[in-house]
Amino acid sequence: MMNGFGHGHNMEEEEVEEEEDYAERRRLESSAHHIYNWKNVHQDLHGWASELDVGELITIPNFSLYDAMSAIELCDVKMDIGLLLKDRKIKSFEEGMERGSLKMDNFLAVEYLAVMERSLANLILWIEGHCLAQTVFTMLYLHKPQQVPDELIRTYCWSLLALCEYVRQIMLDGYVVEEEDFQVTSLALPPSSNADAPTAAALLKSVKSCEETSSKQARKHRSSFKEKSLADDDLQSQQWNALAMRFRFLRTLLQFFGSFALRSESFFAEAPQLIDLLEATIEKILAGYKLSEEQFRAAPGFESLVNLHLLPPSFPRHTPATVDGKSFDFFRSLSHQLRIVVSARDRLKTIEGFLFYLRTDGVLLDSALTRSMMQIVIGASLVLKRCSGDAPGKWELISTSDFIADSLRAFSNPPVLMSGFAQYEHHGQMKEYIETFLRSCIASTSVVLRNYGLNKARQRDSLAACLVDLFALQDDAEKFDEYFNAQLAELKLTGLNHTFCFGSWTLTTMLNAMADFLFCGLELQLYANSELHFVYWYLYDVLLHCEVQTISRAESATRENELAWQILHEVNLRGNKKAGGSKKKQNGRTKGSSESVPRPHVLYLARAQTLHHFCGALHYALLALQWQEKIKRPDQSLDCEEFRYYHRLMPFQERNAPAFVDYEQYQQVKSVMARNHVLFVGSSSGENSLDSVSDAYLKSSFNFQQADRHLVLWAKGGEKAILSKLCKRNDVIVRILATGRNCKV
């Protein structure tokens, strides 16, 4: 009775307390409403929201768009980590072993293949910028490879960890990756930190042993199939053979990246053979046994959420596994890029050679890994020079300033850098000024070279920033040219001209950087269709036109200075017979120096002319299309083309050589074009006739033909075929448009 009575009494007390709490809350609410004058604004908010356009936002000082985007929505599967943790089937490697849910031995051949395929797909995702914890280390065997009893899985785990460490080290040394390209420090577990990790040589030997084991199993099942003709034996033979090919692929990849990461002296000699073997192995893998999507997903040892507790609370939470079976298509593309990286060292002799290679073959390096490798090769090549004479296959150390000097000799051959000019260097401050200029070139060109290792978005921003230094370097080069020209006149070295030697080299570098800034914007699709006409015009009529003239002047100045230097030596030889022997040797060295340093002005000029005509063709075609209203233009009441013009060309506005062409000058150029019956958008002077439109299209056609003609002088292989096809196809299109027929093109 007491217990029942006491329990009822407690319930009555609780009810009384709840009533008192409710009364207190009502009193507080009424007082708060009286004090703060609360008002229901839901209807007002809905009304204000209806007045906003799609995509329009309202911001206040203490809650910005950044705060809204970084806020975490609770109880959302895509955002709240607490809702995902309960879906984990295996929390750790140890738990999987204890519960028996993690397979440790008696693997089938198809299970080996599934483990390798899925882990390689995760490796690709990591290389492409995803988090290491959500990709590679979702494979539980990698957490404790020394505790895996199966030899093939254990060896594969150590190999994958070693490969990850090589890739991470290359990314760090290349120093051109951003956070969106590659996450270097995210849960990095290098095998070197594990005392149980095998050495590189022992690991390669183990992988070779696994390859032989797989090949032996393939031969065994093949023999059984010949004897018993069982379909299962044939399938097993294909699977074990596919596994052997993957171990061979892994061994070759380890050899290549291990040798590169360790800067092995024999790397560049062995790399072409390794790439050949890699490509041949990939082709055999692609032609061999392929896993189904079910087999891929059923790979043992994977838990996509195992490392979720290590991640900060940010979106995205989960990286889905790729099941398209294109992992080895990625590696095939990677092998082609590796060949470009390896062949760079033998082809690059000057700064112009580096930049030309990066702008042609180097554009195919679309992976952060290969871009980092190219930067490492460039850094090594800047301080190495191929030996000649008795040791043509070896390299010797040189200073970076000597490399810059060789680049200047190859491009414009300045008289003060000729090998026979050393006797005049002590005149005045010439030697000091030469060293000062070379040091300035080292800083600027190093930044320019590094820019081409960045992704396109970062490259564009970096090019805009480094243009300031290039503008200053160009001003210094012009002053040095003027000073050295005065010194040559004082030394009575008639015929030698230093007017445009340093300036042409720096101006070409600067013009290329300016053009690449606009090309990056085109590749990133940053410009509206209505802006393309003045972007292509600035490339065509200002930057590339000036570059063509600069390269032509540098080539002619080089020939004139070489001829003048040879005449001066002949005069000195006739005037001083006693010093004839030494002078003859000196003359011989000068001639040899000129011949040993390549001057590929033809390549540089042909590429500049190709781009010049191509941009001109697009400029004329776009203007004609815009005039015919085939390109939609923004609402004139809300648009200001002058503002767009200055915004897109902002980095060029503080430059005098080439002088920045402001918007008024551009309008005048279009007016002249209109008077000459080429085209003027929006003109009311009668130029918007069929004849003027046809004239513009025909000019576009002419420029496409000229671009195709210059293309054969510098492009090669697939690049030549693609660009030539592009020029010819566009030529046909603009010719059809020039007829004025109402047909769909």
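What you see is a predicted model, and the numbers here were worked out from it, not measured in a lab.
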Nearest 0.5 Å, what's the [atom1]-[atom2] distance between [X] and [Y]?
X	Y	atom1	atom2	result
Gln239	Leu108	CD	CG	8.5 Å
Lys456	Glu523	NZ	CD	4.5 Å
Leu253	Leu277	CG	CG	11.0 Å
Glu128	Leu123	CD	CG	10.0 Å
Leu250	Leu163	CG	CG	7.0 Å
Glu211	Thr155	CD	OG1	12.5 Å

[Y] and [X], any side-chain heavy atoms less than 4.5 Å apart:
X	Y	result
Ser215	Asn241	no
Met374	Leu358	yes
Leu338	Leu274	no
Ile153	Val115	yes
Asp234	Gln238	yes
Val177	Ser372	yes
Phe354	Val377	no
Arg339	Asp276	yes

Verify, without hydrogens or angle tests, whether [X] (side chain) and [Y] (backbone) share a donor-acceptor contact under 3.5 angstrom.
X	Y	result
Thr252	Arg248	yes
Ser259	Phe256	no
Asp361	Tyr357	no
Arg246	Ala242	yes
Ser209	Lys205	no
Glu117	Ala114	no
Thr370	Ser367	yes
His221	Leu235	no
Ser292	Gln295	yes
Arg458	Val176	no

Report task. Describe, in one word, how the ring planes of Phe331 and Phe328 are oriented to each other, choosing from parallel (under 30°), tilted (30 to 60°) and perpendicular (over 60°). Result -> tilted
Requested in this report: Please work out which of the three classes, parallel, tilted or perpendicular, describes the rings of Phe137 and His143, given edges at 30° and 60°.
Outcome: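 Tilted, since the angle between the ring planes falls between 30° and 60°.
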Shortest non-hydrogen contact from [X] to [Y]?
X	Y	result
Val148	Met104	CA-CE, 4.0 Å
Tyr604	Gly353	OH-N, 3.4 Å
Ser119	Leu160	CB-CD2, 3.8 Å
Pro149	Arg154	O-NH1, 3.2 Å
Leu140	Phe93	O-CD1, 3.2 Å
Asn307	Ala133	ND2-O, 2.9 Å

Requested in this report: Check step by step if ring-ring contact (aromatic ring centres under 6.0 Å, His included) holds for Phe614 and Tyr536.
Outcome: CA-CA 9 Å; Phe614 192 79; Tyr536 281 117; 7.7 Å; no
Query - Derivation and outcome, side-chain contact (heavy atoms from CB on, under 4.5 Å), residues Leu611 and Leu539 - result: CA-CA 9 Å; Leu611 295 176; Leu539 284 165; over 6 Å; no
Distance only, no hydrogens: is a donor on one side chain within 3.5 Å (strictly under) of an acceptor on the other, for [X] and [Y]?
X	Y	answer
Tyr156	Ser206	no
His336	Glu279	yes
Ser214	Tyr112	no
Tyr452	Asp516	yes
Asn122	Gln134	no
Asn455	Gln459	no

Query raised in the report: Taking it one step at a time, do Leu355 and Thr445 satisfy side-chain contact (heavy atoms from CB on, under 4.5 Å)?
Result: CA-CA 10 Å; Leu355 295 175; Thr445 54; over 6 Å; no
Report task. Could you give me the CA-CA distance, side-chain angles and deciding distance for Trp240 and Thr213, then say whether side-chain contact (heavy atoms from CB on, under 4.5 Å) is met? Result -> CA-CA 9 Å; Trp240 282 106; Thr213 301; 5.7 Å; no
Report task. Report yes if the distance between the aromatic ring centroids of Phe260 and Tyr166 is under 6.0 Å, otherwise no. Result -> no
Query raised in the report: With a distance cut-off below 6.0 Å to the six-membered ring centre and an angular limit of 45° from the axis, does Arg118 pair with Phe302 as a cation-pi contact?
Result: yes
Query raised in the report: On the ring face of Phe107, is Lys103 found with NZ or CZ under 6.0 Å from the centre and within 45° of the axis?
Result: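 So Lys103 does make the cation-pi contact.
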Atom [atom1] of [X] with >12 non-hydrogen neighbours under 6.0 angstrom:
X	atom1	result
Lys284	NZ	no
Arg263	CZ	yes
Gln273	CD	yes

Query raised in the report: Can you check side-chain contact (heavy atoms from CB on, under 4.5 Å) on Val448 and Cys466, steps first, answer last?
Result: CA-CA 7 Å; Val448 172; Cys466 79; 4.3 Å; yes
Query raised in the report: Should the pair Lys216-Glu212 be classified as a salt bridge under the 4.0 Å nitrogen-to-oxygen rule?
Result: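 A salt bridge is absent here (no side-chain N lies under 4.0 Å from a carboxylate O).
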**Report entry** Test applied, side-chain contact (heavy atoms from CB on, under 4.5 Å); reference residue, Trp158; option that passes from Leu142, Val207, Leu203
**Finding:**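 Testing each of Leu142, Val207, Leu203 against Trp158, the sole residue satisfying side-chain contact (heavy atoms from CB on, under 4.5 Å) is Leu203.
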